[in-house]
Amino acid sequence: MAVELPAQYDPKAIEERVSRFWLEGGFFHADPARGGKPYTIVIPPPNVTGALHMGHALDNTLQDVLIRWHRMLGINTLWMPGTDHAGIATQNVVERKLAEEGRSRDDLGRDKFVEEVWKWKEQYGSRIINQLKRLGASCDWERERFTMDEGLSRAVRLAFCTLYKRGLIYKGNYIINWCPRCLTALADDEVDHESHEGHLWHIFYPYEDDPSEGVVVATTRPETMLGDTAVAVNPKDERYKDRIGRMLILPIVERRIPIIADEFVDMEFGTGAVKVTPAHDPNDFAMGRRHKLAEICVFNENGTMNENAGGAYNGMDRFECREALIEELKEKKLLRKVDPHQHSVGHCYRCHSVVEPYISEQWFVKMRPLADAAIKATEDGRVKFHPERWTKFYLSWLENVRDWCISRQIWWGHRIPAWECQDCAHIEVATEDVTACPKCGSTMLVQDEDVLDTWFSSSLWPFSTMGWPDRTPELDFYYPTSVLVTDRGIIFFWVARMVMMGLELMEKEPFHDVYIHATILDELGRKMSKSLGNGIDPLVMIEGGEQMYMGRKFECDGYGADGLRFSLVILTKEGQDVRVSPSKLELGRNFVNKLWNASRFVFMNLEEISQAEPSAPSFEDAWILSRAHSTIRAVTNNIAEYLFNDAATALYDFVWRDFCDWYLELSKPRMNAGEGGATPADRRRVQETLSETLNILVHLLHPVTPFVTEHIWGLLKEFAAELPVAGKMTAPALVRSSCPAADESLIDAGIERDMASIQDIVRAVRSVRREKNLRDREPLRIAISVANPEDKARLDAKSAVIRNIAFLSEAAEIAVNMPKPTRCAVCVVGDIQVFVHLEGLVDAEAERARLDKQRESLEGRIGKAKAKLSNENFVSKAPEDVVAKERERVAELEAELQKVMQNLRDLD
RNA sequence: GCGCGGUUAGCUCAAUCGGCCAGAGCGCCUGCCUUACAAGCAGGAGGCUUCGGGUUCGAGUCCCGGACCGCGCACCA
């Protein structure tokens, strides 16, 4: 067979080929008509402007592990992919591109601009999808959706109308967060608060009837004073009690404003008197409405001051205005004090400008009823979080949520389906465009200019992608989905809103489980970000190349998608953020190479299949199959509980420790007829066990390292065509093959224990080799003294194993209570003594040193255990089996110690 | 201010229900190009589990309190 088997695994060529094979085979396609049990995941749709980062890599790897695992269990799986139109973000990207060409969106006008965005989307929008494919994500790509698709847009309109009709959407004039750069309203959770070192300015407001007296107010945003319409004090505040109702003259603008009393005011803070600016502060807004104060807006939409700010400031930027205003107040001796003050300032999560609280007319979703239903779904156990602690985080947000501002003053997005009649001012909300006013019949209708928050359309994702509002077979079969896998960062933005919309519009929660995985951090524990330059590009790690990381350049020769995926999965402990650095990712690359080489070894030994009837399975054959099935059991349980890294660790140990370090080494002499009595029947047996084990192993690993396992499986299918395992390899591809179930009858704790004991003996011999500077394969002779005839019988049966792996010149002599032969080193392993014949090499000092060290350790352990046993409370209160076990342990340790002591005496 | 994580080997992390000697990877030291793999093999060193109390026969693990690091929310005139 002329197959090239390079000694170093090169992922690049293989992954590309395997990827093509999968896509051409249509193996990821989901078909509800196939029936069976459904298992569904909808992808958290990445921004269409996005590029794959490590967070995506982890998120999608975990989803892919779940999907591939369930697919291999024969379950009817659907992984729904797609992208999000990301209103503000995408609009910003296209506007930046236009700016480079010296154009602006206003030059183009709305229709032309939206056309430009679509063009941009067609050209660049598939980048992240291709990157996900490169990562190996086994989504049903034939079903790819985009939140601005025709179908999803229909879903958005119907959702809006339905909620409006149910009174859950309303329009109103309220204070919202305004980004003066993006020129749009933002939802509360789209504002990032950052702590800033600012000032607390104390400003004097004189009384109208006695300008020499007045009150001092404290503020961090003095420029808003231009819009003040009152000063508030606490009604209980003795200092101000008798001044309530008195009029003040607001400096600079010279407006008459009253002193009002409101419980809200904190007497401890500042001077206890608060300037009230209803149009520019959420608390003041609420106070203003309580006291029916005027709402005077002093800002323009772009963050400059407007005519209400007065002639001097009109048109000035808000921050320049602050400076100028402070100067003027100083001149007028109205600035009484300036204290440094730490306070938090809201920033736009898209462009990072300082947002302004701003009164404007917007559309809102009434959250209370929706949130209550969502809370109930979790309380009833219909929506569960993993790890469990996120439940509280999620519920506390739902409990305190305020109405959601969903209108955005941008052009890219789902335009609000509301039309206002220019004649009678009636507002009609409808799924189809409205051409005549249903109230007055006028045809003078104007559609609302605003678009909806992107998260509004993403909240429908679990069902809009399946064809809702049509009742499709997909929706019937795959909804609700099984699990949502995401980062904690969008629990509010997205997870909560999907639950609310699913319950309201589908009357069914959109998913049963929510798995919140780690956030990826850099090696110093900081989130990866562009501005810090501490991000690692997953594509560079996969395909190779160079990039800047934390200020230095590093080069990677391409660890492959498998290497990256394995690293991420094994590093990511549930519920724990994960620090990633380029060097840590070598782990997965090394593992994949190890797996490849183990497979390569198997293939080389399958080149000539022995035609003999296989001999009976030997001890080591039974052992590796026992370990294989133990591993199947462990991985199955771990994945069911979302313990991905435990599954990966079990696989790592099985492949590297059990299979490579021990079984492959043990199989070598059995492959070579003649040597050590190996027969063609033995050879055949080993070939069957190797192929069987490798087949199990690639199945188990496939969800984590899909490419290399698919490749190995394909080769194994050819190499093992004449072996029994071929009967289990009839699927067209590993991705569609079913995973072997754990066969409990093959799991043998006794065999695993015996092997552990053999490993101890072998390690003892190796240790002596090291100590004596003997070559690893220098033939040696050993004798083994055991405690009883049963142990002798057990070891006798395995003497070939020991001989093989310890490189002995002949089988060990095994006897019960054998006296120590002369001229040998001795190692005490439990109740076994291993005598290594060394002829002239025995070194009494080295012997003494080794035995002394062991004596010390044993004495320490015995001391501890005896102290426990001599404690009457322990003996009387601890469970009997624990006490019995402890006694047994002491007896064993003492027997071992005696042997060590005897050997020490013999040295004298 | 409230809440949630975390603190274990030089580094990054494990440790199931409280019970054998607290493990692994990387790094370090020794020796090996051993016919799958130097991205490897073999052997080894390395621990007052953040601190102080408590519960318990027994605590890395449970409870109370403190320190430090990180995250979220609220307040922030």
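Since this is a predicted model, take the numbers as computed values, not measurements. To find a chain, count down the sequence lines: A is the first, B the second, and so on, and within it residues start at 1. Values below: all heavy atoms of this structure, side chains included; hydrogens, waters and symmetry mates excluded.
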How would nucleotides 25-33 of chain B be written as a contact map, 5' to 3', with B for base contact, S for sugar-phosphate-only contact and - for no contact, using protein heavy atoms under 4.0 Å?
S-----B--
[X] and [Y] aromatic centres sub-6.0 Å:
X       : Y       : answer
W390(A) : F385(A) : no
Y652(A) : W656(A) : yes
F591(A) : Y559(A) : no

Could you tell me the separation between the [atom1] atom of [X] and the [atom2] atom of [N], rounded to a whole number of Å?
X       : N      : atom1 : atom2 : value
E523(A) : U12(B) : CD    : C1'   : 10 Å
L664(A) : A42(B) : CG    : P     : 12 Å
R389(A) : G72(B) : CZ    : P     : 13 Å
K772(A) : G43(B) : NZ    : P     : 16 Å

Looking at every strand, decide which applies to [X] at a 4.0 Å heavy-atom threshold: base, sugar-phosphate, or nothing.
X       : result
Q576(A) : sugar-phosphate
F264(A) : sugar-phosphate
D646(A) : nothing
S344(A) : base
F393(A) : sugar-phosphate
K573(A) : sugar-phosphate
D577(A) : nothing
F603(A) : nothing
R763(A) : sugar-phosphate
R589(A) : base
E778(A) : nothing
V265(A) : base
K275(A) : nothing
N871(A) : sugar-phosphate

On a whole-Å scale, what distance lies between the [atom1] atoms belonging to [N] and [M]?
N      : M      : atom1 : result
G3(B)  : G65(B) : P     : 10 Å
A22(B) : C48(B) : C1'   : 13 Å
G60(B) : U7(B)  : P     : 14 Å
A24(B) : A14(B) : C1'   : 7 Å
A42(B) : G27(B) : P     : 16 Å
G46(B) : A38(B) : P     : 31 Å
U61(B) : A15(B) : P     : 14 Å
C69(B) : U50(B) : C1'   : 11 Å

With a 4.5 Å cut-off on side-chain heavy atoms, are F807(A) and P779(A) touching?
no
Atom pair CD/CG of Q759(A) and D658(A) - distance to nearest 0.5 Å
7.5 Å
Would you give the length of the straight line joining atom OG1 of T277(A) to atom NZ of K275(A), rounded to the nearest 0.5 angstrom?
3.0 Å
Please name the nucleotide paired to [N] by Watson-Crick or G-U wobble geometry with both distances under 3.5 Å, or report none.
N      : answer
G5(B)  : C69(B)
C26(B) : G10(B)
C62(B) : G54(B)
G31(B) : C41(B)

Indicate whether any N or O donor in one side chain lies under 3.5 Å from an N or O acceptor in the other, for S870(A) and K868(A).
no
Donor + acceptor pair across side chains of D188(A), N177(A) (<3.5 Å):
yes
Does the plane of the ring in W201(A) sit parallel, tilted or perpendicular to the ring in H199(A)? Use 30° and 60° as the thresholds.
tilted
Which word best sums up how the rings of H341(A) and F269(A) line up, parallel for under 30°, tilted for 30 to 60°, or perpendicular for over 60°?
perpendicular
Could a donor-acceptor pair under 3.5 angstrom be found where the side chain of E665(A) meets the base of A42(B)?
no
Please identify each residue that fulfils salt bridge (charged side-chain N to carboxylate O under 4.0 Å, His left out) with D646(A), with sequence neighbours left out.
none
As a test of reading the structure: which of G43(B), C41(B), C57(B) is closest to the side chain of N873(A), going by heavy atoms?
C57(B)
Does this structure show an ion pair linking R850(A) with D852(A), if we count only N-O contacts that are shorter than 4.0 Å?
no
Which atoms of nucleotides 16-20 of chain B (N or O only) lie under 3.5 Å from a protein N or O atom, and what are those distances?
{"residue": "C20(B)", "atom": "O3'", "partner": "R889(A)", "partner atom": "NE", "Å": "3.3"}
{"residue": "C20(B)", "atom": "O3'", "partner": "R889(A)", "partner atom": "NH1", "Å": "3.4"}
{"residue": "C20(B)", "atom": "O3'", "partner": "R889(A)", "partner atom": "NH2", "Å": "3.1"}

